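None of these values were measured; they are calculated from a predicted model. Residue numbers begin at 1 in each chain, while the letters A, B, ... track the order of the sequences.
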There are 2 protein chains.
Amino acid sequence: MILDSETKAVELPDDHGTELRLWLRLLTCTTLIEGEVRSRLREKFDVTLPRFDLMAQLDKVSDGMTLSDLSKRMMVSNGNVTGLVERLVESGHLDRRTSETDRRVQFIRLTKTGRAEFRKMAAEHEKWIADVFGDLSPKDIRELMRLLAKAKGSAQRSAKARNA
Amino acid sequence: MILDSETKAVELPDDHGTELRLWLRLLTCTTLIEGEVRSRLREKFDVTLPRFDLMAQLDKVSDGMTLSDLSKRMMVSNGNVTGLVERLVESGHLDRRTSETDRRVQFIRLTKTGRAEFRKMAAEHEKWIADVFGDLSPKDIRELMRLLAKAKGSAQRSAKARNA
DNA sequence: GCCAATTGCTTGAAGTTTAAAGAAATTGCA
DNA sequence: TGCAATTTCTTTAAACTTCAAGCAATTGGC
């Protein structure tokens with residue numbers, strides 16, 4: 001243990017162990033919950049998590065969204081979205097139509113069926129998540145929200161600095 | 001807004017919106033950081049995140065680990081680990097040897113080169129993570145650690161209940 | 001000892017993901 | 001206008017991932 005002149009524990013200048021442990025814990029939590037959601041989606045609705053996530057993005061809007069929008073919001077690559085959308089159009093959940101002003105752009109929407117199916121899944125999903133966080137008090141949740149918002153801001157700042 | 005008899009805002013019995021928002025925020029944070037780490041690993045060391053993660057598990061022990069151990073610790077499927085290990089043995093980072101008491105079991109270790117390479121990457125990685133969380137105070141970090149531990153426990157309870 | 005159940009790992013199919021390269025269309029600026 | 005840069009989307013190859021099925025070895029009753 002290293003002590004400073006006032007006999008208080010201090011960190012070594014290059015010890016970033018606490019941040020690393022925080023990251024590992026964050027990752028563990030997310031992986032755990034994600035795995036749980038994935039299992040349940042497959043089990044109850046025979047749908048994959050990426051498809052659910054994509055539909056969730058589309059359900060937020062009424063009039064559709066471009067592939068680029070989807071890719072940004074989902075934080076995955078363009079090519080990835082191309083494939084996902086393709087399969088979901090194939091299965092009748094989505095609908096695509098080319099923009100009239102820019103022929104590169106495709107507007108993607110949920111079909112009637114797609115939206116209905118998604119809403120059913122989303123209702124269940126919300127209950128699962130509530131149960132997953134069931135041991136947390138409202139205050140815990142507020143605090144977590146606040147701290148994660150701060151963490152998100154910090155991470156964005158860090159990422160931005162690297163790409164500058 | 002719904003108010004109870006003492007004029008205090010209350011939630012609808014089935015509104016689990018706060019938990020859902022918490023989950024989305026947790027997911028966003030993790031995805032953001034994971035993407036950042038992935039990019040940097042590729043850029044600076046030309047290594048993928050899954051390989052780094054696997055080596056990180058092995059670096060914690062001196063004498064090796066079985067595939068099952070790896071799969072449990074990494075929270076991924078068995079088949080996944082089989083493939084990752086295969087490629088890392090191929091590239092000379094890992095070493096495998098069959099147990100003498102149970103011929104189903106394979107002990108996996110980092111090779112000398114593998115460990116040296118990993119240590120170099122890990123040192124950088126730790127700095128990146130410290131920067132990612134750079135805006136958080138020590139108190140923020142402690143609080144996040146505590147709340148995430150609670151969330152993890154809650155999620156485990158929930159998962160366990162489902163599989164019971 | 002026998003054999004059913006379990007455990008450790010591999011395989012194969014389907015799907016997801018990234019990175020990189022490329023095609024098509026639009027934009028902006030000289 | 002002309003054309004270089006940018007944007008949108010697709011394509012490709014390689015890797016990653018899960019799930020389910022299967023094989024080989026071990027374990028635990030009996």
Side-chain angles (χ1 to χ4, degrees), chain A residues 30-32 34-55 57 64-91 93-94 96-108 163, chain B residues 27 30-32 34-55 64-91 93-94 96-108 163:
Chain A
T30 302
T31 306
L32 194 59
E34 205 172 62
E36 191 59 19
V37 171
R38 186 193 307 281
S39 296
R40 297 201 198 194
L41 281 176
R42 175 173 295 274
E43 217 171 85
K44 317 256 175 181
F45 300 110
D46 193 34
V47 74
T48 65
L49 183 52
R51 287 179 200 204
F52 179 81
D53 285 343
L54 195 149
M55 288 195 273
Q57 292 301 329
M65 204 180 257
T66 69
L67 290 179
S68 291
D69 288 339
L70 278 170
S71 143
K72 268 171 218 140
R73 283 174 185 256
M74 297 177 70
M75 296 194 274
V76 300
S77 68
N78 260 338
N80 188 352
V81 173
T82 294
L84 275 172
V85 166
E86 199 173 290
R87 287 183 286 272
L88 282 166
V89 167
E90 179 64 29
S91 64
H93 294 86
L94 304 187
R96 65 202 311 175
R97 103 196 112 79
T98 304
S99 163
E100 285 165 13
T101 61
D102 185 339
R103 277 181 299 167
R104 289 168 305 178
V105 176
Q106 310 249 354
F107 290 106
I108 313 296
N163 298 318
Chain B
L27 191 54
T30 301
T31 307
L32 194 61
E34 204 174 64
E36 192 58 21
V37 170
R38 187 193 307 279
S39 295
R40 297 200 199 195
L41 281 175
R42 174 173 296 274
E43 217 171 86
K44 317 256 175 183
F45 300 110
D46 194 33
V47 74
T48 65
L49 183 53
R51 287 179 198 200
F52 179 81
D53 285 343
L54 195 151
M55 289 194 271
M65 204 180 258
T66 69
L67 289 181
S68 292
D69 290 340
L70 277 171
S71 143
K72 268 170 218 138
R73 283 173 186 259
M74 295 177 71
M75 297 195 276
V76 298
S77 68
N78 260 337
N80 188 353
V81 172
T82 295
L84 275 172
V85 165
E86 198 175 292
R87 287 183 287 270
L88 281 165
V89 167
E90 179 64 27
S91 64
H93 293 86
L94 303 187
R96 64 202 313 175
R97 104 195 111 81
T98 304
S99 163
E100 286 166 11
T101 59
D102 184 339
R103 277 180 297 169
R104 291 169 305 178
V105 176
Q106 310 246 355
F107 290 107
I108 313 295
N163 298 318

Checking contacts here: which listed nucleotide ([options]) is nearest the side-chain heavy atoms of [X]?
{"X": "B/V105", "options": "D/dT18, D/dT8, C/dG8", "value": "C/dG8"}
{"X": "A/R42", "options": "D/dC19, D/dT10, D/dT18", "value": "D/dC19"}
{"X": "A/S77", "options": "C/dC9, D/dC9, C/dT18", "value": "C/dT18"}
{"X": "A/R104", "options": "D/dT7, C/dA19, C/dC9", "value": "D/dT7"}
{"X": "A/R51", "options": "C/dT18, C/dG15, D/dT8", "value": "C/dG15"}
{"X": "A/T66", "options": "C/dC9, D/dC9, C/dT26", "value": "D/dC9"}
{"X": "B/T82", "options": "C/dT11, D/dA15, C/dT26", "value": "C/dT11"}
{"X": "A/R103", "options": "D/dT11, C/dT26, D/dC19", "value": "C/dT26"}
{"X": "A/R87", "options": "C/dC9, D/dT10, C/dG15", "value": "C/dG15"}

Could you check how far [atom1] of [X] sits from [atom2] of [N], rounded to whole Å?
{"X": "A/D102", "N": "D/dC9", "atom1": "CG", "atom2": "C1'", "answer": "10 Å"}
{"X": "A/K72", "N": "D/dT7", "atom1": "NZ", "atom2": "P", "answer": "9 Å"}
{"X": "B/F52", "N": "D/dA15", "atom1": "CZ", "atom2": "C1'", "answer": "18 Å"}
{"X": "B/Q106", "N": "C/dT10", "atom1": "CD", "atom2": "C1'", "answer": "10 Å"}
{"X": "A/N80", "N": "D/dT17", "atom1": "CG", "atom2": "P", "answer": "14 Å"}
{"X": "A/L49", "N": "C/dA14", "atom1": "CG", "atom2": "C1'", "answer": "16 Å"}
{"X": "B/D53", "N": "D/dC16", "atom1": "CG", "atom2": "P", "answer": "11 Å"}
{"X": "A/I108", "N": "D/dT8", "atom1": "CD1", "atom2": "P", "answer": "14 Å"}

Heavy atoms under 4.0 Å, any strand shown: does A/T101 hit a base, just sugar-phosphate, or nothing?
sugar-phosphate

Have a look at A/L84 and say if it touches a base, only the backbone sugar-phosphate, or nothing, with a 4.0 Å heavy-atom cut-off.
sugar-phosphate

Specify the residue among B/S39 and A/P50 whose closest nucleotide of DNA chain C lies further upstream toward the 5′ end.
A/P50

Which is more 5' along DNA chain C, the nucleotide nearest A/G79 or the one nearest B/E86? Just name the residue.
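Its nucleotide being nearer the 5' end, the pick is B/E86.
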
How far does [atom1] of [X] sit from [atom2] of [Y], to the nearest 0.5 angstrom?
{"X": "B/R42", "Y": "B/F52", "atom1": "CZ", "atom2": "CZ", "answer": "14.5 Å"}
{"X": "A/Q57", "Y": "A/I108", "atom1": "CD", "atom2": "CD1", "answer": "13.5 Å"}
{"X": "A/L54", "Y": "A/L49", "atom1": "CG", "atom2": "CG", "answer": "11.0 Å"}
{"X": "B/D46", "Y": "B/R51", "atom1": "CG", "atom2": "CZ", "answer": "9.0 Å"}

Under 4.0 angstrom between A/T48 side-chain N/O and C/dT16 OP1 or OP2:
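Yes.
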
Ignoring backbone atoms, test whether B/N78 places a side-chain nitrogen or oxygen under 4.0 Å from the OP1 or OP2 oxygen of C/dC9.
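It does not, given that no N or O in the side chain of B/N78 lies less than 4.0 Å from OP1 or OP2 of C/dC9.
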
A/T66 meets the side chain to side chain donor-acceptor pair (under 3.5 Å) criterion, sequence neighbours left out, with A/D69

Crowding at CD, B/E43 (>12 non-hydrogen neighbours, <6.0 Å):
yes

Whichever of A/D69 and B/M75 has its nearest DNA chain D nucleotide further upstream toward 5':
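The answer here is A/D69.
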
Tell me which of A/R38 and A/S68 sits closer to the 5' end of DNA chain D, going by the nucleotide each one is nearest to.
A/S68

